[in-house]
Amino acid sequence: MKGVPEALRNLRGETAYIDDLPEPRDLLHAAVQLSEGARGKILSIDPSRALALDPAVRVVTAHDVPGENQIGSAVPDEPLLPEGEWEYWGQPLVLCLAPTRQLAREAARLVTIVSETLRPVLDPREAAGQDAFVMPSRTQSMGNPGAAFAAAAFTAEGRVESGGQEHLYLETQGAYAERRDGDRVFVISSTQGTTIVQRAIARVLGLPQSGVEVEARRLGGGFGGKEDQATPWACLAALGAWVSGKPVKLYLDRATDMRATGKRHPYSTDFRIAADKDGRITAFEADYYQNSGSSCDLSPAIMSRTLFHAAGAYRIPNLRVTGRMCRTNLPSFTAFRGFGAPQGYFVIEAALDAISNRMGFDPVELRRRNLLSEGDVTHYGMPLKEVRAIEAFDRVLEKTGWKALRADIEAFNASHPLEKRGAAIIPNCFGVSFTKLPMNRGGALVHVHADGSVLVSTGAVEMGQQVSRKIARIAAKSLGVPLELIRVERTSSLTVANTVPTAASTGCDINGAAARVACLEIRDRLLAHAATLRASGPGLLSLEEGRLLEGSADTSMTWKQLVTSADESRVDLSAHGYWSTPGLFYDMKTERGSPFAYHVYGAALVEVRLDCLCGRVKVERATIVHDAGTSIDPVVDLCQVEGAFAQGLGWALLEELRFGADGRPMSDNLSTYKVPDVHFLPARLDIEFLSETGSPASVLNSKAIGEPPLIYGIAGYFALLEAIRAARGDRIESWDLPLVPEKVLGLLAGTGRVLGQKDLQ
Ligand code: MTE
Ligand code: HPA
Ligand code: MOS
């Protein structure tokens, strides 16, 4: 940590990723052959053409797996390499090893696989019709929606579609593996979770977990794509090293990564919503059809978060939501920043859009009137504390001068026939904790060296989000030393075992808290030692910025002197810290409990300008007001808001995942899949944090930052819809995300559903 921060070294290209590490002389490169066809059956595999390439080539199939050919963690539905049927277009079927990457790829291409094609199912509703689910459906409810709908002054219903999203981490999936001492393996994996990978490799190779060492140095981005889905590649590299006895590196090229790996889940949803005559939402119902893809993976945990966020940031007294996790022949959809919450959010915001149309009610006022406030209880029975939804929303109204802005937009639209502006405001209420309760724990190992330098290892994986910097700050503060003394080590199963993936935005919350526990333990030992030296009470002594204080007076003893003295007196200067988030409970039968440590609040306004002739959109401005608690590193948090918002905006307006009618991946490179760049982002991007509060949320009163701001991108969708409505002069309805230019043109040209007089109640 001393000197240049990780983020700057990243920017300068000085940080090393797995593929940058020096290669051992006997390294074998690995490559896979992917299935061509969305569903099929392997009849035979003939490696002879690949083997003829070079004597060093090796072809590895399911038959070479010494342990269990299975990596599915929740459900055993993911063979590492298929033996009979494959389930999606782009599934790895065989592994080839060769002395060069080119040769390995060539060999993989030359393996002859004779197969039979089977009819795929791609649509989640079709899968549901055939009872093809990865898990049984799940329902949450509260109040009496049936009675509320019967009594409602206004009701609306509709269908909402949201598309998938490719992670496009800069570093593709990959791993490096070595067989050591005959009976152990060492693996460097580009994974968000060392333990997930360790457990899967142990299973595949038939080893105890203690025989599998896994490390993650840093990732060139994960965004959820390397939570569960770094596993197959690490297992394949480990399997290659196991069978060949040589070091093996498997790195995916971009097209292979985009074809073979999972993405954000597409959802198709039916909703109904009801309101009273004063514009209070009285009931909401939704049936989510999640396209889970070919295997279970994290789909149930993701659906869980969709259900928890079904009501968005709104108080809705009567609610029933049902999630169906539909098995299809597409790559297994997986974690992606937001983890099901954005999909749920888009539906409730569409429902508010629909009901405001029916009522002829101002959508901004309707949203504000129904925001959560202090003491409200969620539909899963959790009372909300320190609710800041209205505060954030009002601050956005104030900062943007909303009334004047709206008048300005209306005047502009009235005088510009070929260009239209639109704006929308979306509130945020995001629950923080893993939705799977046992995962809410962190671990750390801290060594203070005799020269005063400190090494901190935790379960957190650095993937660009600067969790290591935040943890360094927590350690410095907890020990009372300058930041320069702290170094945060790579994540390894040797230093911290039984970790959870760095995900759910909790990386710093739980691992930072564990590091703090360990640091405070060492600090207390040091202060006890100092007390014996100075014949003082330990309660009087403290450490601050590397100085020992007695009361408020400097003792002239430095941190380094104290540490050296303690070491000579045989004081243990190492400690392990463990943290389990307190107060969480949940009853799956009644669907009631307190699954989150706290919620994060905020609101955002997005304004767009639409070129009506070509359907092109410019995002003109965004104003985000966000609750970051007491930020551990405001610059890092600001950048996280920017990044999450950019990804949210990309999901809403730009990034279109496409598969052919036969399940063929159509968006597998950057000419067919567009992601936001700096020009796509608004020139006027104003991010403000709500004032700090002293209330304990997480470590040092901070709040998780990684995922919640992605929700603000949804405001871009509704801003654009308003611009389209201005162009048409009606209230056309379409909730089909992403709203890419082709769809915009379609809506401008008149396809889509327009509210008629009979719809107005
Ligand atoms: N930021 C960067 N630069 N790279 C990433 O891969 N992942 C996001 C978010 N921010 C990510 C990121 C996701 S999906 C999560 S869950 C959190 O970071 C995880 O890290 P944290 O828990 O330490 O915030
Ligand atoms: N978020 C991210 N990853 C997860 C979660 C979650 O809530 N639960 C299990 N894995
Ligand atoms: Mo983030 S989707 O929880 O890795």
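Both counts, for ligands and for their atoms, begin at 1 and track the order of listing.
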Identified ring pair (Phe, Tyr, Trp, His ring centres under 6.0 Å) counterpart of His309 within the set Phe596, Tyr314, Tyr288: Phe596

Pairing residues for Arg217 by the side chain to side chain donor-acceptor pair (under 3.5 Å) criterion, not counting sequence neighbours: Glu215

N or O contact, Glu227 vs ligand 2, cut-off under 3.5 Å: yes

Parallel, tilted or perpendicular: rings of His167 and Phe336 (30°, 60°):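 Ring orientation of Phe336 relative to His167: parallel.
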
Protein residues having a heavy atom less than 4.0 Å from any atom of ligand 1: Gly221, Gly222, Phe223, Gly224, Arg337, Met463, Gly464, Gln465, Val467, Thr502, Ala503, Ala504, Ser505, Thr506, Gly507, Cys508, Gln640, Gly706, Glu707

Test: Glu591 and Arg138 ion pair at under 4.0 Å: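 The answer is yes: the pair qualifies as a salt bridge.
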
Under-4.0 Å salt bridge between Asp637 and Lys470: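 Between Lys470 and Asp637 there is a salt bridge, with a charged N closer than 4.0 Å to a carboxylate O.
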
Leu690 side, atom CG; Glu688 side, atom CD - distance, nearest 0.5 Å: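 Result: 7.5 Å between the selected atoms.
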
Let me have the donor-acceptor pairs involving side chains of residues 639-649, under 3.5 Å, with sequence neighbours excluded, atom names and distances please.
from: Gln640; atom 1: OE1; to: Arg337; atom 2: NH2; distance (Å): 3.1
from: Gln647; atom 1: OE1; to: Arg337; atom 2: NH1; distance (Å): 2.7

Gln229 versus Thr261, side-chain donor and acceptor atoms under 3.5 Å: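 Checked: Thr261/Gln229 side chains show no N/O donor-acceptor pair below 3.5 Å.
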
is_close_aromatic(Phe308, Tyr586), centroid dist under 6.0 Å: yes

Heavy atom of the protein closest to atom 9 (C) of ligand 2 (residue, atom name, distance):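 It is Met439 SD, 3.4 Å.
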
Shortest protein heavy-atom distance from atom 6 (C) of ligand 2, along with the residue and atom involved: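 Nearest protein contact, heavy atoms only, for atom 6 (C) of ligand 2 is Phe339 CE2, 3.2 Å.
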
Per-atom contacts of ligand 2 with Thr435, taking only distances under 4.0 Å to non-hydrogen atoms: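 By the 4.0 Å cutoff, the relevant atoms are 6 (C), 7 (O), 8 (N).
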
Close-contact set for ligand 2 against Arg305 heavy atoms, below 4.0 Å: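 Those atoms are 7 (O).
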
Sidechain-backbone polar pair: His265 side chain, Phe333 backbone, donor-acceptor under 3.5 Å: yes

Close side-chain approach of Ile302 to Tyr267, heavy-atom, < 4.5 Å: yes

Side chains of Leu384 and Tyr601 in contact at under 4.5 Å (non-hydrogen atoms):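 Yes, their side chains come closer than 4.5 Å.
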
Filter the ligand 3-protein atom pairs down to N or O on both sides and distance under 3.5 Å, then list them.
from: ligand 3; atom 1: 3 (O); to: Ala504; atom 2: N; distance (Å): 2.6
from: ligand 3; atom 1: 3 (O); to: Glu707; atom 2: OE2; distance (Å): 3.3
from: ligand 3; atom 1: 4 (O); to: Gln192; atom 2: NE2; distance (Å): 2.9
from: ligand 3; atom 1: 4 (O); to: Gly224; atom 2: N; distance (Å): 3.4

